[in-house]
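In the text below, chain A, chain B and the rest are named by the order of the sequence lines, each starting its count at 1.
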Amino acid sequence: MFIRNCWYAAALSRELTATQPLARTVICEPLVLFRKRDGSPVALEDRCCHRHTPLSIGRCEGDSIRCMYHGLRFDAAGRCVEIPGQLSIADSMRVRAYPVHETAGWLWVWMGDAQRADTRILPIPPWFDCEDWDMRYGMIELKAGYTLINDNLCDFSHTAFVHEKTFAGGERTFAETLPQITSLERGIRVERWITDRRTIEEWLPEDAAPQPSAPPRLDQWIAYDYLVPGVMIMRVEMHAAGTGQRQALRAPSQEPLHANLGIHAVTPVTSDTSRYYYSLGPRSCETRATPGLASEMFAAAVNGFEEDRRTVEAQQENLRRWPLADMQAIRHDRGVLLMSSVMQRLQNEEGDSC
Amino acid sequence: MFIRNCWYAAALSRELTATQPLARTVICEPLVLFRKRDGSPVALEDRCCHRHTPLSIGRCEGDSIRCMYHGLRFDAAGRCVEIPGQLSIADSMRVRAYPVHETAGWLWVWMGDAQRADTRILPIPPWFDCEDWDMRYGMIELKAGYTLINDNLCDFSHTAFVHEKTFAGGERTFAETLPQITSLERGIRVERWITDRRTIEEWLPEDAAPQPSAPPRLDQWIAYDYLVPGVMIMRVEMHAAGTGQRQALRAPSQEPLHANLGIHAVTPVTSDTSRYYYSLGPRSCETRATPGLASEMFAAAVNGFEEDRRTVEAQQENLRRWPLADMQAIRHDRGVLLMSSVMQRLQNEEGDSC
Amino acid sequence: MFIRNCWYAAALSRELTATQPLARTVICEPLVLFRKRDGSPVALEDRCCHRHTPLSIGRCEGDSIRCMYHGLRFDAAGRCVEIPGQLSIADSMRVRAYPVHETAGWLWVWMGDAQRADTRILPIPPWFDCEDWDMRYGMIELKAGYTLINDNLCDFSHTAFVHEKTFAGGERTFAETLPQITSLERGIRVERWITDRRTIEEWLPEDAAPQPSAPPRLDQWIAYDYLVPGVMIMRVEMHAAGTGQRQALRAPSQEPLHANLGIHAVTPVTSDTSRYYYSLGPRSCETRATPGLASEMFAAAVNGFEEDRRTVEAQQENLRRWPLADMQAIRHDRGVLLMSSVMQRLQNEEGDSC
């Protein structure tokens, strides 16, 4: 049901303090996250092996965590290293430890075979440097399964309707024409020009955006990779009107007037609930010139994500009501179906191995 | 489990505006209701055939409704008539449409075979003319299955206890004697005289009713038809004391001093939740003479219905706790058992046909 | 799953008034409790045998209770003695009556074979005289199964961690050494000295307790019987420092400086919810000398019980998440395992007999 041999976003870095354990459930498995004295993160099964009390209501002690029911203490590898009132400790007294990796403001956990944990398949692109971008971070809890959110993000035609007054700014092109979609080893690449758009204020809600008497029109390049298990690396660029026409369907070759980056990650909590982590922002050089830019973009995005939340939660509720009804495909489903076949292939490869 | 070939109350007319779709679940099937430009109502399955998003969070456009996820648009017959980004539309792109009929301030839907939808079996009586009666409308959601509410309404002996201080006004006769019960093709008829009652203020809570030093006593005629799937058409009349005695068990033959009408409809939402719609009021001629009468009757009824709600919800909860325990019958169950056999007969006739 | 032939605490005496029925669920069986005119308590199945309405929303009438749906009335033996509108009453019209016994401020019900109800196995000790103790009473509802609470009370090593800042007052001895545990016919006896403790103010939260410049150290004797189905009779005594050393592991032979008594009872509501009733207090002679003593002890205990509640509820939630995981034993589990084998033996003896 879930792919295991991959990195899931478990938390934002800022959520995990130096002293407090943090409880997070990933693909139905409750984890406790905590930091060692050197700040490095640890992820253990959130269940003392004695009486099953959550370790997340326990206490960080040095590089270990103590269960605050009967005082058993576990090290970062999940081994029990202290049982009050008892000298010897059986080797079986241990809890599962998960590989965890911190990068770009995110904590990623590997839910499958620890031997195969491979930071080379972390979905964060190697060219990402947080100095270059003024990123803001956020998270939403959704009462919807992760596949519905993946589907939402693999087909931006919904922008024209769900985000009619926010991201789309009334632009029907998202739905009326199709983007270029390419298969990747672990996902899909979606690219398109939307020509003759309004300025970057299309990010802002309509009443917040300034309405100049003759707003300049620009061409917008939207390109994202959608990667296993549910990570979107999206780059949006604004270019002078006419650029899109000249480039045909190819990526822009010159420096943009404006660019912003989004890194979003969907993490299944249970089969029908998820967490949606996101970070987004303009280039640092732009935000230095326009101080409020990053915050305004972030606020607009939060509004837009609420629109998605309402939609996918209503959809999830309907799936519960009609568990057997078929979904009928339309042309815009192409990205959804490609991504879903990548997920299926990886699940099949894993089989019952973990 | 539910009869399908019958009319269920889906909403009050006033609940369905000209522009907003309305979501209502009837016998476990979620519907979206909306109005066409000419005001006539439409009822469709509340699920886009593409990705199962509820149409009720969509938008009315002319005589059609648009799914606001990917923009598919459906006409009043449930056919998909637009898919953004796509020219041809498969004939299978459709959602179920339900016959719907609006009358007497109510919206009724036919949940069974559309070919057999027959307005002649609408439970509203042909003699009902809304000019004659000053009706008020209301609705309660109940955490109780519809059969419990049908049972409640088919045996008014409960009035003496559940409504001891409201409808019954302390009158034990409801429980101590039995009404006359007749079988109908699609229900039962229940009739009785309660002789020597207090005046019509028995509708009012005790402390609200004026207490004259010697309140006149009157005879009350209570008669209702209880019809499939759960509709009560009840007429209550007050006559001069002695009338009941002279009429024996027959209906009054002369003009009443006072009369009021109630039309109530129980609609199953799921197997253990329901909606209870009601309309009630005195004759228009009386309300012209006594302006506050209709409102006072309505307020008193709302109080009484709350008493029913508490009772049947507690009963439902106990049925959940003792799913296997037998119910032991008493004499007052006769109407309940007759009505329940009518329902059973119609369910058997339907079999698996819809 | 539950032992039936035993006394369960169903309510505190003060909860059951002279006129209002009280609904309480014990081992998944909903009961209605009420008092007869002479004040003696009655416990019946909380379900009218007619339409399954709870009797607890009914009305006490003399020595009987009336169902307020259709007016059936039941006597203290559960026999239906009145059906409005009906003269003869079938002998099958009855609800189950449960033996109930009131003692020491508690109402106890016998859930098994009524013929075997035996007040000699009431867990209240024969030497208990409410004149001798200034008892306060309380109750908490817990979202945790009764076995988790039994386990909690059969191993006080948790005091060092769960109650680190309340009952334990920072004392690790509870976890670092083991008490003396003896098997009883229907439970276990747990006894220990904690030598060189702070004064009785260890009951109080740290900031509430007076901090004399050199607080006297005392020896504390803690002894309790834990009895089927989940009743703790605990006596705590403070003695001059050095007493514990002299007594070795034996009970104190001289008069204590201070003593308090606790009677606690765990009642299963469902398989994963419980009620925890408790009474506790110092000797009446002490409370006369120190008026606020009983209240302060009670307030401190309420805080401590909240700590237990959080712990066992989190544990219950984890058991739901890992239904198949093994619990690994530690040395401190000895009391837990002994008590659990007593419960198992009694359940086996009962078999399917009730």
Side-chain angles (χ1 to χ4, degrees), chain A residues 144-145 147-166 168 170-179 181 192 194 272 306-337 340, chain B residues 2 20-32 44-61 64-74 78-96 98 111 268-273:
Chain A
T147 56
L148 299 186
I149 310 168
N150 280 0
D151 294 353
N152 175 286
L153 294 167
C154 287
D155 171 15
F156 270 24
S157 80
H158 79 270
T159 306
F161 302 100
V162 174
H163 308 300
E164 190 177 33
K165 294 180 182 169
T166 52
E171 184 70 73
R172 277 276 172 108
T173 313
F174 286 101
E176 283 159 3
T177 62
L178 283 84
I181 301 179
R192 75 180 308 162
I194 305 271
D272 54 8
E306 272 304 297
E307 294 169 327
D308 287 310
R309 191 185 58 71
R310 282 194 296 272
T311 305
V312 296
E313 290 187 350
Q315 191 189 5
Q316 177 70 56
E317 175 62 12
N318 255 4
L319 288 171
R320 192 189 59 73
R321 289 157 152 178
W322 280 282
L324 302 176
D326 283 333
M327 288 186 173
Q328 298 200 49
I330 62 172
R331 276 182 84 197
H332 273 298
D333 289 333
R334 190 165 161 256
V336 168
L337 297 174
S340 146
Chain B
F2 301 112
Q20 274 296 110
L22 179 68
R24 281 293 154 92
T25 296
V26 176
I27 61 166
C28 297
E29 297 187 15
L31 309 177
V32 57
L44 303 179
E45 186 179 11
D46 190 14
R47 173 182 69 85
C48 176
C49 62
H50 171 223
R51 306 296 290 176
H52 296 199
T53 315
L55 296 175
S56 56
I57 61 168
R59 181 162 66 195
C60 296
E61 295 191 8
S64 65
I65 190 164
R66 187 186 295 278
C67 176
M68 287 301 280
Y69 197 172
H70 303 94
L72 281 70
R73 198 159 53 80
F74 298 87
R79 276 187 308 267
C80 182
V81 291
E82 182 189 342
I83 302 179
Q86 182 169 332
L87 290 177
S88 69
I89 298 175
D91 191 56
S92 61
M93 299 296 286
R94 55 172 67 237
V95 299
R96 180 170 176 179
Y98 295 82
M111 301 302 291
V269 176
T270 63
S271 60
D272 54 8
T273 59

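Distance check, rounded to the nearest 0.5 Å: CD of E317(A) to OG1 of T53(B) gives 12.5 Å. To the nearest 0.5 Å, atoms CD (Q86(B)) and CD (E176(A)) are separated by 13.5 Å. Atom SG in C67(B) sits 12.0 Å away from atom NE2 in H158(A) (nearest 0.5 Å). Rounding to the nearest 0.5 Å gives a distance of 12.0 Å between SG of C49(B) and CH2 of W322(A). L72(B) CG to Q328(A) CD: the interatomic distance, rounded to the nearest 0.5 Å, is 9.5 Å.
Nearest heavy-atom pair across L148(A) and Y69(B) is O-OH, 4.2 Å. Here the closest heavy-atom approach between residue R51(B) and residue V336(A) is recorded as NH2-CG1, 3.9 Å. T25(B) and R321(A) get closest at one heavy-atom pair: OG1-NH2, 3.8 Å. Across D46(B) and N318(A), no two heavy atoms sit closer than the pair O-ND2, 2.8 Å. In terms of heavy atoms, L178(A) sits closest to G85(B) at CD1-O, 3.8 Å.
Of the atoms belonging to I330(A), heavy atoms from both backbone and side chain fall under 4.5 Å from chain B. Neither the backbone nor the side chain of I89(B) has a heavy atom closer than 4.5 Å to any heavy atom of chain A. For R331(A), the parts lying under 4.5 angstrom from a heavy atom of chain B are both the backbone and the side chain. In this structure, chain B has no heavy atom under 4.5 Å from any part of A160(A).
Most heavy-atom pairs under 4.5 Å with chain A: of the set M68(B), R47(B), R66(B), this distinction falls to R47(B). Chain A forms the most heavy-atom pairs under 4.5 Å with one residue out of P30(B), A90(B), S92(B), and that residue is P30(B).
No side-chain heavy atom of H50(B) sits under 4.5 Å from any side-chain heavy atom of M327(A). With contacts defined as side-chain heavy-atom distances shorter than 4.5 Å, the pair H332(A)/I83(B) does not qualify. Residues P84(B) and F174(A) have side chains not in contact (no heavy-atom distance under 4.5 Å, counting atoms from C-beta outward).
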What do the steps show when you test D333(A) against H70(B) for side-chain hydrogen bond (donor to acceptor under 3.5 Å, both in side chains), and what is the final call?
CA-CA 10 Å; D333(A) 289 333; H70(B) 303 94; 5.7 Å; no

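Electrostatic pairing of R59(B) and E164(A) counts as a salt bridge here, judged by a charged N lying under 4.0 Å from a carboxylate O.
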